[in-house]
**Student:** 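Supplied in structure tokens, the structure appears directly below.
Predicted model only: the values in this text are computed from it and were never measured. Reckoned from all heavy atoms, side chains included, excluding hydrogens, waters and symmetry mates.
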Amino acid sequence: MCYDIKATIETQLKRAQRKGDAQAVDEIMETLIPLTHLPIYHSSGFSRPELLIYTDRSPDFPEVAKWGLVPHWVRKKADMKKQWNNTLNARGETIFKLNSFRKAANESRCLIYIDGLYEHHNFEKQTYPFYIFNKDHSPIILAGLFNEWINPETMGKLLTFSIVTTTGN
DNA sequence: CCAGACGTTGTT
DNA sequence: GTCTGG
DNA sequence: CCAGACGTTGTT
DNA sequence: GTCTGG
């Protein structure tokens, strides 16, 4: 499960810095970062934050995307709103079967660089958030699926993504 | 056949 | 206790 | 998923 | 677009 994350600009840019050139990073800072909610210190997916993802069609130069995948078959804006809180996560075991994820699982995969994530644990009827991160503070790199949805009213493109989860190990 | 959904999480 | 909003 | 609300009346 | 439930 993964519904609450921390993502700083530095961490989100790590891949572009390593794989791209310095000019590309400057361009990202100027043109893409202002379109996002970065830096994100603790956001729930349900607040539908926008951040950078590294897609398989552009693996080293990130794209701005909104958390909560809108499937390709959604036609109306109202249907989109019904759908989007249910696709923050995608169970890896079933992504090739389900209508909402199958096409993206086959064709549109991405990576999401984050600092850490928050898991809630229950103890004596109370809930406590635990922050999970790498010991050396290196990025946690999550597997994701994405889709580019065309809003029929405005013809605007909306890039959205879902985080792939699996059973604990 | 048509209408309506299409998804995730947890379990002291 | 249960529903809504984020 | 968790956090926080959960309700009513009238109207310059 | 495709699957499920009635």
**Student:** A:Leu98 side chain: which of B:dC6, B:dT8, D:dA3 is closest?
**Tutor:**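 Of the candidates, B:dT8 comes closest.
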**Student:** With the side chain of A:Met1 defined as its heavy atoms from C-beta on, choose the nearest nucleotide among B:dG7, B:dG10, B:dT8.
**Tutor:**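 Side chain of A:Met1 sits closest to B:dG10.
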**Student:** Base, sugar-phosphate or nothing for A:Phe123? Non-hydrogen atoms, less than 4.0 Å.
**Tutor:**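 Nothing, no nucleic acid heavy atom in range.
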**Student:** Would you say the side-chain atoms of A:Glu50 pair up with the backbone N or O of A:Ala65, donor to acceptor, closer than 3.5 Å?
**Tutor:**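 Judged by distance alone, no pair lies under 3.5 Å.
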**Student:** Over all strands shown, is A:Asn89 touching base, sugar-phosphate only, or nothing at heavy-atom distances under 4.0 angstrom?
**Tutor:**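 Sugar-phosphate: the residue A:Asn89, judged by heavy atoms under 4.0 Å, touches backbone atoms but no base.
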**Student:** To the nearest Å, how far apart are A:His120 NE2 and D:dG4 P?
**Tutor:**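 Distance check: A:His120 NE2 to D:dG4 P gives 11 Å.
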**Student:** Quick one: which residue pairs count as a salt bridge (Lys or Arg N to Asp or Glu O under 4.0 Å) with a foot in residues 102-123 of chain A, not counting sequence neighbours?
**Tutor:**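 Matches after skipping sequence neighbours: A:Lys103-A:Glu107.
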**Student:** Go through residues 145-160 of chain A and report each residue with a non-hydrogen atom lying under 4.0 Å from DNA chain C, sorted by number.
**Tutor:**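 By residue number: none to list.
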**Student:** Would the distance check show the side chain of A:Thr160 and the main-chain N or O of A:Val70 forming a donor-acceptor pair, the cut-off being under 3.5 Å?
**Tutor:**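 Yes: the side chain of A:Thr160 pairs with the backbone of A:Val70.
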**Student:** Identify whether any heavy atom of A:Thr165 sits under 4.0 Å from a base atom; if not, whether one sits that close to sugar-phosphate; answer base, sugar-phosphate or nothing.
**Tutor:**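 The answer is sugar-phosphate, as A:Thr165 gets under 4.0 Å only of primed atoms, P, OP1 or OP2.
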**Student:** Do any N or O atoms from the side chain of A:Ser108 and from the backbone of A:Asn147 form a donor-acceptor pair under 3.5 angstrom?
**Tutor:**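 Answer holds: no.
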**Student:** Using atom P in both nucleotides, what's the gap between E:dT4 and B:dT8 to the nearest angstrom?
**Tutor:**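 Comparing P positions in E:dT4 and B:dT8 gives a spacing of 15 Å.
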**Student:** Which residues, if any, of residues 44-51 of chain A bring a heavy atom under 4.0 Å of DNA chain C?
**Tutor:**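 A:Ser44, A:Phe46, A:Ser47, in order of number.
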**Student:** Taking CG from A:Asn86 and P from B:dC6, how many angstroms apart are they, rounded to a whole number?
**Tutor:**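 So the two atoms are 8 Å apart, to the nearest Å.
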**Student:** Using modelled atom types and a 3.5 Å cut-off, is there a donor and acceptor pairing between side-chain atoms of A:Ser43 and backbone atoms of A:Ile40?
**Tutor:**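 Not at all, since once roles are kept as given, no pair shorter than 3.5 Å links the two residues.
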**Student:** Stacking between A:Tyr3 and the base of D:dC2 (centre distance under 5.5 Å, interplanar angle under 30°)?
**Tutor:**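 By the stated criterion, A:Tyr3 and D:dC2 do not stack.
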**Student:** Could you write out DNA chain D as dot-bracket? Rules: Watson-Crick or G-U wobble, both distances under 3.5 Å, brackets [ ] for crossings, | for pairs with another strand, dot for unpaired.
**Tutor:** ||||||......
**Student:** Starting from P on B:dT8, measure out to CD1 on A:Ile95 and report it in whole angstrom.
**Tutor:**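 In whole Å, B:dT8 P lies 10 Å from A:Ile95 CD1.
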**Student:** Take atom P in E:dT2 and the same atom in B:dG10, then report the distance between them in whole Å.
**Tutor:**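 E:dT2 and B:dG10 have their P atoms separated by 31 Å.
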**Student:** How far, in whole Å, is D:dA3 from B:dT11 if one measures between their P atoms?
**Tutor:**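 Those two atoms are separated by 15 Å.
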**Student:** Under 4.5 Å between any side-chain heavy atoms of A:Asn151 and A:Lys77, yes or no?
**Tutor:**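 Yes; the side chains approach each other to less than 4.5 Å.
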**Student:** So, the side chain of A:Thr36 versus the backbone of A:Leu51: is there a donor-acceptor pair under 3.5 Å, distance only?
**Tutor:**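 The answer is no, because no donor-acceptor pair under 3.5 Å joins these two groups.
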**Student:** Nearest whole angstrom, please: distance from the C1' of B:dG4 to the CD of A:Gln83.
**Tutor:**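 It works out to 12 Å between those atoms.
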**Student:** I'd like to check the side chain to side chain donor-acceptor pair (under 3.5 Å) partners of A:Thr166; sequence neighbours left out, ordered by chain and number.
**Tutor:**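 With sequence neighbours excluded, A:Thr166 shows a side chain to side chain donor-acceptor pair (under 3.5 Å) to A:Glu93, given in chain and number order.
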**Student:** A:Val64 and side chain to side chain contact (heavy atoms under 4.5 Å, CB included): which partner among A:Ile28, A:Ile33, A:Leu32, A:Leu38?
**Tutor:**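 Passing option: A:Leu32.
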**Student:** Find the distance A:His72:NE2 to B:dG7:P and express it as a whole number of Å.
**Tutor:**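 A:His72 atom NE2 is separated from B:dG7 atom P by 11 Å.
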**Student:** Using the P atom as the reference point in each nucleotide, state the distance between D:dG7 and B:dG7 in Å, no decimals.
**Tutor:**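 To the nearest whole Å, 32 Å.
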**Student:** Are A:Asn106 and A:Phe101 close enough, and set up right, to give a side-chain contact (heavy atoms from CB on, under 4.5 Å), and what steps lead you there?
**Tutor:** CA-CA 9 Å; A:Asn106 283 311; A:Phe101 300 125; over 6 Å; no
**Student:** Tabulated below should be each protein N or O lying under 3.5 Å from an N or O of nucleotides 2-6 of chain E; please produce it.
**Tutor:**
unit_1: E:dT2; atom_1: O2; unit_2: A:Asn99; atom_2: ND2; d: 3.2

**Student:** Between atom CE in A:Met80 and atom P in B:dC6, what is the gap in whole Å?
**Tutor:**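 Value for this atom pair: 18 Å.
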**Student:** Rounded to the nearest 0.5 Å, what's the gap from CG on A:Leu69 to CG on A:Asn89? Could you check?
**Tutor:**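 So the gap between those two atoms works out to 11.5 Å.
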**Student:** Quickly work out the A:Asn122 CG to B:dG10 P distance and round it to whole Å.
**Tutor:**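 After rounding, the reported distance stands at 10 Å.
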**Student:** Would you say the ring centroid of A:His120 lies under 6.0 angstrom from that of A:Phe130?
**Tutor:**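 Ring centroids of A:His120 and A:Phe130 are no less than 6.0 Å from each other.
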**Student:** Starting from the C-alpha separation in whole Å, work towards a yes-or-no answer on side-chain hydrogen bond (donor to acceptor under 3.5 Å, both in side chains) for A:Glu63 and A:Ser58.
**Tutor:** CA-CA 8 Å; A:Glu63 302 182 59; A:Ser58 175; 4.7 Å; no
**Student:** Only one of A:Tyr128, A:Tyr41, A:Tyr131, A:Tyr3 forms a ring-ring contact (aromatic ring centres under 6.0 Å, His included) with A:Tyr118, so which one is it?
**Tutor:**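 When ring-ring contact (aromatic ring centres under 6.0 Å, His included) is applied between A:Tyr118 and each of A:Tyr128, A:Tyr41, A:Tyr131, A:Tyr3, only A:Tyr131 qualifies.
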**Student:** Nearest whole angstrom, please: distance from the P of B:dT8 to the CG of A:Leu69.
**Tutor:**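 Going from A:Leu69 (CG) to B:dT8 (P), I get 11 Å.
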**Student:** Is any side-chain heavy atom of A:Lys97 closer than 4.5 Å to a side-chain heavy atom of A:Thr94?
**Tutor:**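 Of all side-chain heavy-atom pairs linking A:Thr94 with A:Lys97, at least one is under 4.5 Å.
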**Student:** Using only side-chain N and O atoms of A:Thr87, determine if any of them is under 4.0 Å from OP1 or OP2 of B:dG7.
**Tutor:**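 Indeed not, no polar side-chain atom of A:Thr87 lies that close.
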